[in-house]
Number of protein chains: 2
Amino acid sequence: MDVAQRLREQGIRMTPQRRVVCDTLARADRHLTAEEVHARASGDTPELNLASVYRTLALLGELGLARQVHFGDGRSHWELAHPDDAFHLVCRGCGEVTHHAGDLVDRVRDHLARGHGFTPEGVDLVVRGLCRDCAKRPSPS
Amino acid sequence: MDVAQRLREQGIRMTPQRRVVCDTLARADRHLTAEEVHARASGDTPELNLASVYRTLALLGELGLARQVHFGDGRSHWELAHPDDAFHLVCRGCGEVTHHAGDLVDRVRDHLARGHGFTPEGVDLVVRGLCRDCAKRPSPS
DNA sequence: GTATATGCAAAGTCTTTGCATCGTT
DNA sequence: AACGATGCAAAGACTTTGCATATAC
């Protein structure tokens with residue numbers, strides 16, 4: 001975890017709480033809400049307050065170390081920032097969220113870069129629908 | 001406005017409040033939050049409660065007549081559903097949100113349709129960055 | 001006339017903030 | 001030792017809900 005270093009460079013302190021939040025995100029198999037980070041991390045050593053989770057997630061976001069994703073359920077979901085710009089498939093049936101690799105996000109960037117005058121900084125691509133398994137079953141809606 | 005008809009088909013009643021919300025969305029130059037719809041519509045004839053705005057927007061969303069977009073500011077923004085699947089450019093500088101036409105959203109659909117087992121129902125593509133004007137000025141961050 | 005929609009106010013979620021205390025540097 | 005981070009609790013922002021009343025069909 002080079003987060004400690006990144007923090008030190010910025011004159012920001014590393015604390016057990018921040019470490020736990022980072023580790024939890026790193027270990028996560030999927031995107032976590034603040035509440036979920038808190039739940040998973042509370043098993044760990046230090047007491048961890050939900051407010052601190054929110055503060056840490058915001059901090060990681062500002063530093064570009066974590067990314068906030070909106071799936072349309074009214075909450076924020078977080079993941080460690082990836083170098084590759086995958087996008088998200090959210091299944092309406094089982095709620096599963098999967099990454100989908102591809103160059104689509106890059107293509108969006110390229111497209112905009114070509115004389116449209118808009119400088120893209122972040123691309124959020126979320127596709128909602130039904131995953132293979134849920135499409136087979138009788139539709140949940 | 002054929003919304004009245006669409007509602008009747010579903011056995012749902014048309015009311016002045018619902019009409020006002022639809023008209024407000026139709027007249028809107030941009031995506032409106034529930035609060036904004038309420039503010040703009042309150043000048044109109046009937047009393048209009050914010051709760052009814054929320055209820056109407058949800059209804060229109062279910063019927064596929066309006067679309068809910070998340071710009072990452074914690075609120076929902078609404079627009080009448082377009083036939084064309086444009087995506088959204090959100091400027092970090094001035095907050096302006098513009099539609100950007102193109103076949104990118106269609107390409108996402110096509111891509112997924114080709115043997116990935118995921119049935120896309122809705123594609124949310126939001127690009128955050130700086131618009132032409134704001135990019136010229138000293139960066140706001 | 002009847003079932004549905006509205007208004008109002010209260011409650012619910014998710015998130016942020018103020019402030020005293022604790023802990024990293 | 002000093003300043004930033006945490007915990008706690010309270011407040012804030014947005015949205016939903018319960019219930020009596022009004023109203024579209």
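As the structure is a prediction and not an experimental result, all values here were calculated from the model. The chains referred to below are lettered A, B, ... by the order of the sequence lines, with proteins before strands, and numbering in each begins at 1.
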What about A:R55: does its side chain form a donor-acceptor pair under 3.5 Å with the base of D:dG4?
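Flag unset: no donor-acceptor pair detected.
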With a 4.0 Å cut-off on heavy atoms, is A:S76 in touch with a base, just the backbone sugar-phosphate, or nothing at all?
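Touches sugar-phosphate only.
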With a 4.0 Å cut-off on heavy atoms, is A:R18 in touch with a base, just the backbone sugar-phosphate, or nothing at all?
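It contacts sugar-phosphate atoms only.
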[atom1] of [X] versus [atom2] of [N]: gap in Å, rounded?
X	N	atom1	atom2	value
B:H38	C:dT6	NE2	P	13 Å
A:L57	C:dT16	CG	C1'	13 Å
A:L48	C:dC22	CG	P	18 Å
A:W78	C:dC14	CH2	C1'	13 Å
B:R75	D:dG12	CZ	C1'	13 Å
A:E35	C:dT16	CD	P	13 Å
A:E36	C:dC14	CD	P	10 Å
B:L50	C:dG7	CG	C1'	11 Å

If you restrict it to nitrogen or oxygen atoms, what contacts under 3.5 Å exist between nucleotides 22-25 of chain D and the protein, and what is each distance?
| residue | atom | partner | partner atom | Å |
| --- | --- | --- | --- | --- |
| D:dA24 | O3' | B:M14 | O | 3.2 |
| D:dA24 | N3 | B:R13 | NH1 | 3.4 |
| D:dC25 | OP1 | B:M14 | N | 3.2 |

Might you work through the side chain to side chain contact (heavy atoms under 4.5 Å, CB included) test for A:R18 and A:I12, ending with a clear yes or no?
CA-CA 11 Å; A:R18 284 177 176 160; A:I12 297 171; 3.3 Å; yes
Just wondering, do A:V69 and A:V97 contact through their side chains at under 4.5 Å, heavy atoms?
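They are not in side-chain contact.
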So do A:R75 and A:E35 actually touch side chain to side chain, heavy atoms under 4.5 Å?
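With C-beta onward as the side chain, the pair stays apart.
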Assert yes or no for the condition that the ring centre distance of A:H88 to A:H100 is strictly below 6.0 Å.
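Between A:H88 and A:H100, the centre distance exceeds or equals 6.0 Å.
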With a 4.0 Å cutoff (strictly under), does any side-chain N or O of A:Y54 reach OP1 or OP2 of C:dT15?
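So the side chain of A:Y54 is within the cut-off, an N or O lying under 4.0 Å from OP1 or OP2 of C:dT15.
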With a cut-off of less than 4.0 Å, is there a side-chain N or O of B:N49 near OP1 or OP2 of C:dT6?
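So the side-chain polar atoms of B:N49 never come under 4.0 Å of the phosphate oxygens OP1 or OP2 of C:dT6.
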Using atom types as modelled, flag every donor-acceptor pair under 3.5 Å from a side chain in residues 54-62 of chain B to any protein atom, sequence neighbours excluded.
| residue | atom | partner | partner atom | Å |
| --- | --- | --- | --- | --- |
| B:T56 | OG1 | B:S52 | O | 2.8 |

Would you say A:E96 has more than 12 foreign heavy atoms packed within less than 6.0 Å of its CD?
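Not buried by this count: 12 neighbours or fewer within 6.0 Å.
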With a 4.0 Å cut-off on N to O distance, would you call B:E36 and B:R30 a salt bridge?
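A salt bridge is present here (some side-chain N lies under 4.0 Å from a carboxylate O).
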